[in-house]
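Inspection log for the structure reproduced underneath, given as structure tokens.
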Amino acid sequence: MTRRPTLLAALALTATAALTLSACGSDDDSPTKDNDKIAGADTGGEKSASPSESAPASADRPKIELPSDVTYEFQWKKTGDPAKDAVLNDAEQRIKAVDMAIAEQNPLHEAYRFYSEGKAAAGSEKYIEEFVDHKARTTGLTRYYNESVTVNDDGTAALVYCEDQSKAFNKFLETGKTDVTPVTKDVYVIYASTLRKSKSGVWITERLTSERGSAKCQP
């Protein structure tokens, strides 16, 4: 997941640019122009169930296994629309799959590639590689909220959401040290993604963009 700008300060990329990548690696640093629906977005209904409870069953879906110190708070609400809820569930799985790839130090992990293709998958691969190069992974709690999802008749969907990284950090594998950094406006990130429903019924993320410090995600 995208964590703090301090993790990759030694990279050729600037620290800020390196960590504007999304939880699954974004292919662009700026989302679609401010979507008015994201500000205080409320799709109504209950908080979404965990993927194990509501994601479509499939023997082909990868099993997501994460370190016990990698946790999430998905405040995405059930919409009552099966298609929209499926988009949210598969987006959640994609986010976790990238963290699993980071934890296992595998930039080509099959789990995140199950849920992403094209530019989104390429962005995730590059993002994961940065953690592998620095022998680091993610740790802590990440919160997701203010979601807005649209499903189109042509089998595509758009999802915009916010991420709160204030309790999420980088952990270096060789030393076990966690890089705890101060909370600033930049720990609040807005994401915009486009997805396509596959023949097997999985919502595949094809593009993902992000922007740090978004006013629409500030507490």
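Keep in mind that what you see is a predicted model, and the values were worked out from it rather than measured.
Comment: D154 does not engage R196 in a salt bridge, judged by the lack of any side-chain N to carboxylate O separation of less than 4.0 angstrom. A salt bridge does not link K126 with E130: every distance from a Lys NZ or Arg NE/NH1/NH2 to an Asp or Glu carboxylate oxygen is 4.0 Å or more. Between D164 and R143, at least one side-chain nitrogen of the basic residue sits less than 4.0 Å from a carboxylate oxygen of the acidic one, meeting the salt-bridge criterion. At a threshold of 4.0 Å, the pair R94-D99 does not count as salt-bridged, since none of the basic side-chain nitrogens sits closer than that to a carboxylate oxygen.
When side chains are defined from C-beta on, F169 counts as touching T139, because their heavy atoms get closer than 4.5 Å. By the 4.5 Å heavy-atom criterion applied to side chains, K171 and D179 are not counted as neighbours. With a 4.5 Å cut-off on side-chain heavy atoms, T194 and T205 do not count as touching. Residues V202 and R61 meet the side-chain proximity criterion, which asks for heavy atoms closer than 4.5 Å. In this structure, L195 and D90 have side chains that are not in contact, with every pair of non-hydrogen atoms separated by 4.5 Å or more. Under the 4.5 Å side-chain criterion, counting only non-hydrogen atoms from C-beta, L173 is in contact with R137. At a threshold of 4.5 Å between non-hydrogen side-chain atoms, the residues Q93 and I64 count as touching.
Under the side-chain contact (heavy atoms from CB on, under 4.5 Å) rule, I95 has a single partner from Y191, Y112, F74, which is F74.
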Give the intermediate values and the outcome of side-chain hydrogen bond (donor to acceptor under 3.5 Å, both in side chains) for residues E163 and Y144. CA-CA 5 Å; E163 180 188 47; Y144 296 91; 2.8 Å; yes
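In this structure K197 satisfies the side-chain contact (heavy atoms from CB on, under 4.5 Å) test together with W203, sequence neighbours excluded. Annotation: side-chain contact (heavy atoms from CB on, under 4.5 Å) contacts of P82 (sequence neighbours excluded): none.
Between Y161 and W76, a ring centre-to-centre spacing shorter than 6.0 Å is recorded.
At least one test fails for R113 against the ring of Y115: distance under 6.0 Å to the centre or angle within 45° of the axis.
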